[in-house]
S.K.: 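I have a structure here, written as structure tokens, and I will follow up with some questions on it.
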Amino acid sequence: MKFLRKIWTIPEAGILVPLLVFTLVFYCINPTFLGSNSVAAMLRAMAFVGVIAVGQTWLMIVGGIDLSVGSVAGLCAIVSSWLMKVQGWPMEAGLAAGLAVGLLAGLINGLISVHFGIPAFIATLGMLYVARGLNYLLCKGYPIYPIPDSLKTLGRAEPLGLSWAFVVFALLVVIGDFCLRRTTWGRMVYATGGNVEVARIAGIDTTKVQISCYVLTGGMAALAGMLLMSQLNVGQPEIGVGWELDVIAGVVIGGVSLFGGVGTAIGTFLGLLIMQVVRSGLVVTGVNTHWQTVAVGVIMVSAVGVDLLRRRTKIS
Amino acid sequence: MRRISKTFPGVRALSEVTIQVKQNNIHALIGENGAGKSTLMKILDGVYPAGSFEGQILLRDRVVHLSSPFDARKQGIGYVPQEISVIEGLTVAENIFVGLWNEGGGGIVSFKKLFARAAELLDSMKLQLDPHRQVVTLNASQRQLVMIARALATRPSVLILDEATACLTLDETQNLFRVVHHLRELGLTTIFITHKMSELFEIADHATVLRDGTVAAEFERAQFDEHEIVAAMVGRKIDNFYPARDSAIGDQEVFRVENLTVPHPHLANRNVVEGVSFSVRRGEILGLGGLVGSGRSETVNALYGRLPHSGRVFVEGREIAVRTPREAKASGLGLLTEDRKLDGLLFNFSIQENVTLHDLSQISRWRVLDRARETACAQHYLERLSIRAPSVRTPVANLSGGNKQKVVLAKVLFPKPRVLFLDEPTKGVDVGAKNEIYKLMMSLAAEGIALVVISSELPELLALCDRFMVLARGRIADQFTRAEANEQRLMLAATSGANKPLTN
Ligand SMILES: Nc1ncnc2c1ncn2[C@@H]1O[C@H](COP(=O)(O)OP(=O)(O)OP(=O)(O)O)[C@@H](O)[C@H]1O
Ligand SMILES: [Mg+2]
């Protein structure tokens with residue numbers, strides 16, 4: 001009992017407990033669920049959305065939100081594959097340009113919402129459309145391939161039986177968590193998200209902190225888009241469609257408040273993991289795939305509910 | 001309330017407290033910061049619902065179970081919490097009648113009726129507040145008045161005032177007392193929490209002293225004695241309530257402002273501060289007097305870069321620009337803001353994270369935080385200001401009001417400012433802690449820091465400061481030294497110029 005109560009007070013408990021429960025249930029129904037192939041597939045599948053979610057975690061902690069991440073990911077994939085294929089740029093230059101586009105999109109999002117005060121929800125929704133439109137203008141709706149061979153081998157490589165995308169994701173979670181918890185920048189992010197005015201009085205350049213989060217999120221979106229491109233081996237114009245919702249769901253399940261100021265990167269990792277476990281679990285147990293989508297919705301709302309409950313019991 | 005006990009994780013806030021409040025009485029509840037006053041009142045208001053504490057609540061000899069503030073309201077309890085919580089996006093009237101907007105009107109709010117009811121209520125409280133005004137534009141004391149009006153809006157039979165006078169001016173407090181007296185004639189019972197002795201003597205019929213979660217003493221009005229009450233509160237005698245000044249004021253001028261003008265944030269062609277110039281020397285304490293709305297807070301906030309302004313500012317002879325708090329802080333200025341709930345603390349943060357926020361460079365290397373050092377630094381301030389908390393890692397949200405205030409103070413001291421603006425530094429702080437804060441101010445002055453202090457408590461201001469500047473309607477109404485100072489002169493200056501219009 002005491003042990004259970006202790007678990008309850010760990011910040012990530014709201015997700016950790018259901019995560020274990022779900023895993024156990026699916027394992028009992030079908031033991032292959034925890035087979036190494038199945039686990040590797042799960043981890044690979046969550047990597048792309050995961051890379052972006054690390055950025056979105058920072059951003060939402062600072063009090064912002066970015067709805068354009070999926071579109072930006074798609075645009076960056078198309079831009080870099082177009083430069084490499086049509087313009088004949090070398091691989092490094094093409095990837096760098098893709099990354100630059102993502103950072104730029106983030107910077108624009110940040111300037112518009114922080115500097116000019118247009119609500120982030122609207123500003124980044126606008127960017128969602130703009131980036132998707134530019135994407136189709138550039139590739140005229142057709143996939144761009146082949147991409148350079150060197151990139152192909154990179155994308156297809158399976159380090160540790162996983163994928164580069166997952167390795168990058170895992171690294172980002174670790175780095176992201178370290179930055180938030182242990183650096184002055186992370187402290188400023190929490191402070192700005194907690195109360196902008198208090199942060200400003202403390203001499204923190206809140207505008208800069210907020211914009212930095214937008215820029216980083218844009219960069220992560222670009223990274224995710226290009227990682228998927230190298231794995232698929234084509235500049236697919238549909239890369240990133242609908243990702244923003246998965247990203248936000250994962251971040252919110254992971255315990256980041258929509259009002260800013262609270263959350264961790266580890267929490268986000270667990271949030272994404274639970275979504276993936278349920279999705280894959282339902283596949284393994286042979287339920288109609290559309291139930292997955294229903295399940296994600298239910299989980300997100302209940303996760304936030306459990307978190308509220310946990311906070312309340314802690315206070316009184 | 002009978003044998004009430006309440007425990008928070010790691011803290012026993014109340015143990016077996018029994019208090020009995022007579023009908024029609026004005027019952028004062030006093031005690032040190034963290035004694036459990038607010039906790040007891042939150043239990044009475046159902047904030048901590050039945051079941052989350054031990055003991056019974058009896059109203060008119062009947063046991064009641066309150067599971068929410070809404071229940072309490074139905075039982076005729078009106079509660080003004082210690083921390084102001086207004087809804088910023090709404091008007092005064094909407095805030096007063098929160099949740100009761102549509103009295104009898106179904107789901108549709110009749111704003112005409114709402115404003116009329118609000119006007120009537122404010123009028124009966126003799127308050128000059130426009131019900132149509134947006135709450136965002138109100139200052140701390142006006143917000144407090146809105147909170148009081150909200151509690152009275154339900155016509156309670158028991159009114160709880162948890163340090164409601166902490167940010168009211170003298171006049172407003174007097175007015176509130178008149179209202180409370182008047183309502184007492186009509187049968188109102190009031191429970192009144194305060195840290196100001198003068199208020200206790202003025203209005204209370206009976207006083208209960210809490211200390212460390214138990215009842216330390218009870219006093220009937222006839223037995224009121226300041227020394228005994230203070231001794232019961234803090235468990236010891238305090239000799240020099242206002243510590244004597246033992247350091248000399250330096251010759252060197254540390255801070256100077258010339259011709260400070262601050263435009264009104266909402267109205268064009270109006271200034272809230274106009275042509276204010278002053279200077280402070282090393283180790284000097286300058287008192288800023290004036291009524292609420294006279295421009296005192298605006299002056300210090302503008303000087304800290306929080307409000308647009310014009311005028312020249314010098315620190316140690318060098319002219320500086322203070323367009324943002326960042327620039328102000330970099331030049332060695334520090335500001336303790338008036339309202340800790342609004343812009344004083346980060347409630348998600350622990351004590352140590354709050355304390356060190358103003359200067360992260362002290363606790364980091366290569367931008368990586370050194371948490372051992374952070375804890376050590378915060379621990380130092382915890383002890384220096386005797387903040388009562390289980391540890392420096394306690395979230396500030398769990399502290400009592402006075403201890404929160406001390407954390408805010410620790411926060412602004414942390415970067416070691418050379419000039420410090422203190423806007424109501426002892427708001428909501430108990431007598432013992434006030435004494436400690438006064439001593440702290442003296443030692444800061446002795447270290448050579450120049451202090452500018454705003455306080456609505458005249459005796460405090462007069463006792464602590466070396467020099468005074470009184471503002472009225474945004475202009476300097478009078479300036480005098482400690483030797484020339486007295487209460488009359490200060491009040492006279494503060495109320496002068498009340499009918500001179502401000503223009504630019
Ligand atoms: N939510 C909470 N969680 C944990 N501890 C709490 C909480 N609220 C209050 N406490 C603790 O309970 C004790 C009593 O606090 P309370 O707010 O009642 O003091 P108070 O007498 O009102 O003091 P003040 O004069 O400073 O307002 C304090 O030690 C405080 O730290
Ligand atoms: Mg209190």
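We use all heavy atoms of the structure for the numbers below, so side chains are in, but hydrogens, waters and symmetry mates are not. Remember, it's a predicted structure, so these values are computed and weren't measured experimentally.
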S.K.: Can you find a pair of side-chain heavy atoms, one from A:I201 and one from B:K329, that are under 4.5 Å apart?
M.R.: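 A side-chain contact is absent here, since even the closest heavy-atom pair is not under 4.5 Å.
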
S.K.: For B:H380, does the NE2 atom have more than 12 heavy-atom neighbours from other residues, nucleotides or ligands under 6.0 Å away?
M.R.: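 More than 12 heavy atoms, drawn from other residues, nucleotides or ligands, come within 6.0 Å of this atom.
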
S.K.: Is it the backbone or the side chain of A:Y190 that comes under 4.5 Å from a heavy atom of chain B, or both, or neither?
M.R.: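 Both the backbone and the side chain of A:Y190 come within 4.5 Å of chain B.
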
S.K.: Given heavy-atom pairs under 4.5 angstrom as the criterion, report whether the side chain, backbone, both or neither of B:Y304 touches chain A.
M.R.: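 The side chain, not the backbone.
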
S.K.: Just wondering, are more than 12 heavy atoms of other shown residues or ligands nearer than 6.0 Å to CH2 in A:W185?
M.R.: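 It does: A:W185 CH2 has more than 12 such atoms within range.
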
S.K.: Count the heavy atoms of every other residue, nucleotide or ligand shown that sit under 6.0 Å from CZ of A:F121, and state whether that count exceeds 12.
M.R.: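 At most 12 heavy atoms, drawn from other residues, nucleotides or ligands, come within 6.0 Å of this atom.
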
S.K.: Start with the C-alpha gap between A:N195 and B:F347, add the side-chain angles, then the distance that decides, and say whether side-chain contact (heavy atoms from CB on, under 4.5 Å) holds.
M.R.: CA-CA 9 Å; A:N195 184 335; B:F347 288 90; over 6 Å; no

S.K.: Highest number of heavy-atom pairs under 4.5 Å with chain B: which of A:C179, A:G194, A:G203?
M.R.: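 Of the options given, most contacts go to A:G203.
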
S.K.: Output the distance between atom CZ (B:R367) and atom OG1 (A:T183), rounded to the nearest 0.5 Å.
M.R.: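 B:R367 CZ to A:T183 OG1: 9.5 Å, rounded to 0.5 Å.
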
S.K.: Where do A:A191 and B:L357 come nearest, in terms of heavy atoms and distance?
M.R.: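 The pair with the smallest heavy-atom distance is CB-CD1, 3.8 Å.
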
S.K.: Of all heavy-atom pairs between A:T184 and B:L369, which one has the smallest distance, and what is that distance?
M.R.: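 So the two residues come closest at CG2-CD2, 3.8 Å.
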
S.K.: What are the two closest heavy atoms between B:R326 and A:D205, and how far apart are they?
M.R.: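 Answer, listing the atom of B:R326 first, then A:D205: NH1-N, 3.7 Å.
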
S.K.: Please report the interatomic distance OG1(B:T337) to CD(A:E197), rounded to the nearest 0.5 Å.
M.R.: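 Reported value, rounded in 0.5 Å steps: 9.0 Å.
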
S.K.: Using heavy-atom distances under 4.5 Å, tell me whether B:E353 contacts chain A through its side chain, its backbone, both, or neither.
M.R.: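 Contact with chain A involves both backbone and side-chain atoms of B:E353.
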
S.K.: Which bit of B:S361 is near chain A, if near means a heavy-atom gap under 4.5 Å: side chain, backbone, both or neither?
M.R.: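 Contact with chain A involves no heavy atom of B:S361 at all.
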
S.K.: In this structure, are over 12 heavy atoms from other groups packed under 6.0 Å from B:R323 atom CZ?
M.R.: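 Count not over threshold, so no.
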
S.K.: Minimum heavy-atom separation for A:R200 and B:P325, please, with both atom names.
M.R.: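 Closest pair (atom of A:R200, atom of B:P325, distance): O-CB, 3.2 Å.
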
S.K.: Restricting to non-hydrogen atoms, name the atom on A:G261 and the atom on B:N348 that form the minimum distance, rounded to 0.1 Å.
M.R.: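 Closest pair (atom of A:G261, atom of B:N348, distance): O-ND2, 3.8 Å.
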
